[in-house]
Amino acid sequence: MSSGTRIVLLGRQGAGKGTQCLRLSRHYVVPHISTGDMLRAAVREDSALGRSVEKIIGGGGLVSDELIIEVVRERLKKADTQQRGYILDGFPRTVVQAEALDLIAQDLPLLGVVDLVVPRDLVLSRLSARRVCRDCGANYTATGVVRSPWSCDTCGGDVVLRDDDTPDAINLRLDLYESQTAPLISFYGQTQRLHEVDGVGSQDEVFDRITEVIDRAGGGS
Ligand code: ADP
């Protein structure tokens, strides 16, 4: 079997997936593949893909399984993924996507799925304060002090409120998570690939819990 870290991070919006994935990507030297970041980049570039998904993303809906599966299939063919593995963030989001992943990643099979568990009321307050770097995806928390323009400490990009971090879109995304993504928990549980991790605590505490699980699953090699 090929080496490398090959994991999926599941968890509600605002559970801390983006932040933890960036750290995990550096720690294991493995590509962080965020389908949300990829789609937002396509919107910024005004590509055909970007134009076809812009309205759906802004409203908090899900793009079609067919389209996102194709995006991930192409991404997993790249050399960095083939050599180092992947940390998937935001994909799969439906059981259809999870089944497709098992097929498209046959030569790079998933080692485990980490479900970052954070209660809905806590993620709601986190999301309303969330600001994101438009360029590298780093997350920040707004403290009430408006810093304008706000530049990313990591890459110097613009730090902004995401178009879909409005109350209506947040609620729709959380509802979709319950209906579409929560069934993945049983899908991966049935195949013994699921690891639940408590996502409440400091970033360091949560990071330590996740790496312990990944190392135990053999993904730290
Ligand atoms: P969040 O998890 O905070 O909703 P993401 O950054 O993961 O945000 O995704 C942003 C948006 O991109 C989603 O609301 C959805 O419109 C689209 N998207 C990303 N990944 C997928 C996916 N796997 N399937 C369908 N739509 C997706």
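As the structure is a prediction and not an experimental result, all values here were calculated from the model. Order of appearance sets the numbers: ligands from 1, and atoms from 1 within every ligand.
- Closest to atom 8 (O) of ligand 1, if we only count protein heavy atoms, is Arg162 NH2, 3.0 Å.
- Shown in contact with Gln97 at under 4.0 Å from a heavy atom are these atoms of ligand 1, numbered in order with element: 22 (C), 23 (N), 24 (N), 25 (C).
- At under 3.5 Å, a nitrogen or oxygen of Gly61, whether backbone or side chain, sits near a nitrogen or oxygen of ligand 1.
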In sequence, state the C-alpha distance, the side-chain angles, and the governing distance for Asp164 and Arg162, and then conclude on salt bridge (charged side-chain N to carboxylate O under 4.0 Å, His left out).
-> CA-CA 5 Å; Asp164 58 353; Arg162 266 171 49 174; 2.9 Å; yes

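- Salt bridge annotation for Arg173-Asp165: present, with a cationic side-chain nitrogen under 4.0 angstrom from a carboxylate oxygen.
- Screening Ile214, Val213, Asp115 against His195 for a side-chain contact (heavy atoms from CB on, under 4.5 Å) leaves a single residue, Val213.
- Salt bridge present: Asp204 and Arg23 bring a charged side-chain N and a carboxylate O closer than 4.0 Å.
- Nearest protein heavy-atom neighbour of atom 20 (N) of ligand 1: Thr35 OG1, 2.8 Å.
- In this structure, atom 11 (C) of ligand 1 lies nearest to the protein heavy atom Ile57 CG2, 4.0 Å.
- Distances shorter than 4.0 angstrom do not occur between any heavy atom of Lys55 and any atom of ligand 1.
- If you check each of Arg12, Arg93, Gln13 against atom 7 (O) of ligand 1, the one with the closest non-hydrogen atom is Arg93.
- By the neighbour-count criterion of 12 heavy atoms within 6.0 Å, atom CG of Asp163 is sparsely surrounded, having that number or fewer from other residues, nucleotides or ligands.
- Of the heavy atoms in Ile68, only side-chain atoms (C-beta onward) come closer than 4.0 Å to ligand 1.
- Of all the listed residues (Arg40, Lys17, Arg173), Arg173 holds the heavy atom that lies closest to atom 3 (O) of ligand 1.
- Annotation for ligand 1: atoms under 4.0 Å from non-hydrogen atoms of Arg130 are 3 (O).
- Here the options are Leu10, Val113, Thr35, Val8, the test is side-chain contact (heavy atoms from CB on, under 4.5 Å), and the partner is Leu88; only Val8 passes.
- By the 6.0 Å and 45° rule, Arg131 does not stack over the aromatic ring of Tyr140.
- Only the side chain of Leu39 comes within contact range of ligand 1, with a heavy atom under 4.0 Å; no backbone atom does.
- Annotation: atom 26 (N) of ligand 1 to nearest protein heavy atom, Val63 N, 3.1 Å.
- Applying the salt bridge (Lys or Arg N to Asp or Glu O under 4.0 Å) test to Lys77 and every residue at least two apart in sequence or in another chain returns Glu74.
- Each of the following atoms of ligand 1 lies closer than 4.0 Å to a heavy atom of Gly90: 20 (N), 21 (C), 22 (C), 23 (N).
- Counting heavy atoms under 4.0 Å from ligand 1, residue Met38 does not touch it at all.
- The structure places CZ of Arg44 at 11.5 Å from CG of Leu39, a figure rounded to the nearest 0.5 Å.
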